[in-house]
Amino acid sequence: MATSIRLRRLGAIAAVAGGAYTIVRQPSFSSNDRGDKSTALDTFRRKIADPFAVVPPRNTQEAALIGSSLVNPLDILVVGGGATGCGVALDAATRGLRVGLVEREDFASGTSSRSTKLIHGGVRYLEKAVFNLDYGQLKLVFHALEERKQVIDNAPHLCRALPCMTPCFDWFDAIYYWAGLKMYDLVAGRHLLHLSRYYSAQESVELFPTLARNGKDKTLKGTVVYYDGQMNDSRLNVALACSAALAGAAVLNHAEVVSLLKDEGDGRIIGARIRNNLSGKEFDAYAKVVVNAAGPFCDSVRVLADKDAKPMICPSSGVHIVLPDYYSPDGMGLIVPKTKDGRVVFMLPWLGRTVAGTTDSNTSITMLPEPHENEIEFILDAISDYLNIKVRRTDVLSAWSGIRPLAIDPKANSTASISRDHVVTEDHPGLVTITGGKWTTYRSMAEDAVDVAIKSGKLNPANKCLTYNLQLVGADGWDPASFTVLAQQYVRMKKSHAGKVVPGAMDTAAAKHLSHAYGALAERVAAIAQNENLGKRLAHGYPFLEAEVAYCAREEYCESAVDFVARRCRLAFLDTDAAQRALPRIIEILAAEHKWDKSRQKQELHKGKEFLETFKSSKNAQFHDGKH
């Protein structure tokens, strides 16, 4: 019986694969559209790629929001500075609309910095589409694969194609995964990253030395390797925010919506009361349309418009852990397609370490979600079955939890409509809500939300959506060899403990890091390291430099120590203990940039330590190290 089901599955894959090229998604715009939009696109490309451009300072952005009024409102006010919110701001600004964006914490402070770091089309969704003969699900995969390629092309310094290995411990699995992943290639079509292929057991362990050749009563027969994208998620989000600012949007982090403003006549939403969480000052910002892109918190914004609003978020927790680099080779990930309880687990190289995850369980919505010990143990158990090394809880350098905002359409009749796709709705006049979806499709989600906002507010954009082929800040002129310019032309001037300034080489690790984190703007950071004596590393064994703290404070709206350690460099996610040791120096540099007094510095240290305690590294976790 089991064999016949498996054979039917293979038949289904073959049938759909055979016709894969007959289902071609229409491009986002026609060739005529391209001609109509070329002048506007070139203008915004120049603005964002200008090597001398600087983002408007924070007080200028706040003044632009305060300057809106009933008679001169913004076209769109975006609530939420995650991937989707910043995507909406960039999309709307490049259509020639007046745009503001507020975020109560920092850009990417929520779900957008806590992802699996994959830009993917959805192998699992393709499998479901085939076995359920679900054409709608198949269209989602087509669309996600197209967007995957565009995300990588629009920010190549922050994204890359990553080969992912799927181990096969019997020959049927080898045929099944080979056929399924070949179909994934076919569905990608011209948006293909690289072709998948089969490797023998011997070739596999040469490529992935820690892969076990013997599983439970089974021997490795081989592996199938396919390609998906990988990103530095929060830095991609910050690049979106900065690109939107350069395009003309007034973006303001650490600014919270405390209430929504309504028209006294018809009750339409006409703006928001906003509190600057750094100064405590409150002000009104008026807009023709408010776009709610608050991720897991979008229901709390909807309730401000209608206290009886039906919830549309079904929160799901995803836990990830970070392990030392020796768990996986730098250029190859590992995918366990089915764990004991049917879940998928990834183990991927990321920024010089190994990230493993994820879980999928119901959770409550909180500002700082924490991973539970049993979830960390689940991930360690799952990967230990496939590795030939001892998997230890003491190796966990960092562990974090993110909340996925799975969406329920509020107009649907039942909760069975919980979706991995996104939902755009205007269930109160003047308030457009966009939620659900995934990082990979943030750009098209933003496009859909802006389209609905234009219709709702009867707005007059100067042109259609331009973001499909619009590179983000730092992307123009960057190539993988750009780091060599930094290594050859800059030195790291460092202050010794005695106060003496000594030169140090801009080594390959530091140069590559700066090049990938800042793209074409990396020379600005290298110049600070050289000219302002900020070339010292922030943490032993990591390439992050003191100069980055100063640069991010000046050019990337970095307003707190947590902003830097979690979202500008990624030390909190890579090594919680190293991040804690680096905090005092980070605060010292930020204090010089932002003119903080001793009281504020003390507050920053307390908040930083409190934040890092939610990352369950082996040092700050309570556990009994039994199996691990």
Side-chain angles (χ1 to χ4, degrees), residues 1-25 115-116 118-148 164 166-168 172-189 191-193 196 224 226-229 314-318 333 335-346 357-362 382 404-409 412 414-423 435-441 444-445:
M1 180 68 179
T3 305
S4 66
I5 291 171
R6 292 167 123 189
L7 289 170
R8 280 204 300 275
R9 285 186 168 188
L10 275 178
I13 288 176
V16 180
Y21 278 115
T22 67
I23 313 167
V24 179
R25 186 176 182 273
S115 73
T116 307
L118 281 176
I119 313 163
H120 63 102
V123 174
R124 286 176 297 161
Y125 307 142
L126 179 60
E127 188 179 29
K128 287 177 187 173
V130 172
F131 299 138
N132 299 332
L133 298 177
D134 186 340
Y135 179 68
Q137 192 88 275
L138 187 61
K139 282 203 299 184
L140 289 178
V141 179
F142 269 109
H143 176 54
L145 286 169
E146 179 181 0
E147 290 296 325
R148 176 188 71 174
C164 298
T166 305
C168 305
F172 182 87
D173 280 350
I175 297 167
Y176 178 71
Y177 291 125
W178 178 87
L181 292 168
K182 280 298 174 190
M183 185 185 166
Y184 195 56
D185 294 348
L186 280 169
V187 172
H191 306 291
L192 179 72
L193 299 179
S196 61
V224 182
Y226 74 100
Y227 287 78
D228 256 330
C314 179
S316 167
S317 166
I335 309 294
V336 179
K338 266 198 181 102
T339 58
K340 285 171 254 185
D341 64 352
R343 287 188 267 188
V344 176
V345 169
F346 302 84
T358 180
T359 60
D360 192 351
S361 52
N362 294 332
R404 299 183 191 92
L406 303 183
I408 306 166
D409 190 333
S414 76
T415 55
S417 58
I418 293 173
S419 172
R420 297 277 173 170
D421 194 15
H422 66 275
V423 173
T435 193
K438 58 184 179 179
W439 237 117
T440 307
T441 56
S444 63
M445 289 169 63

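Keep in mind that what you see is a predicted model, and the values were worked out from it rather than measured.
Counting only heavy atoms from C-beta outward, the side chains of Asp228 and Tyr184 approach each other to under 4.5 Å. Contact check for Phe346 versus Leu118: side-chain heavy atoms found under the 4.5 Å cut-off. Between Arg148 and Tyr227 there is no side-chain heavy-atom pair separated by less than 4.5 Å. Counting only heavy atoms from C-beta outward, the side chains of Met183 and Val141 never approach each other to under 4.5 Å. Side-chain atoms of Asn132 and Gln137, non-hydrogen and from C-beta on, never get closer than 4.5 Å to each other.
Partners of Tyr226 according to the side chain to side chain donor-acceptor pair (under 3.5 Å) rule, which considers only residues two or more places apart in sequence or in another chain, do not exist here.
In terms of heavy-atom proximity, Ser196 sits nearest to Lys182 at O-NZ, 2.7 Å. Listed here is the closest heavy atom pair of Ser316 and Leu406: CB-CD1, 3.9 Å. Shown here for Pro337 and Thr166, the closest heavy-atom pair between the two residues is CG-CG2, 3.8 Å. When every heavy atom of His120 is checked against every heavy atom of Thr440, the shortest pair comes out as N-OG1, 3.0 Å.
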Going through the checks in order, is the side-chain contact (heavy atoms from CB on, under 4.5 Å) test met by Leu140 and Lys128?
CA-CA 11 Å; Leu140 289 178; Lys128 287 177 187 173; over 6 Å; no

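With hydrogens and angles left out, the side-chain atoms of Thr441 and His422 include no donor and acceptor closer than 3.5 Å.
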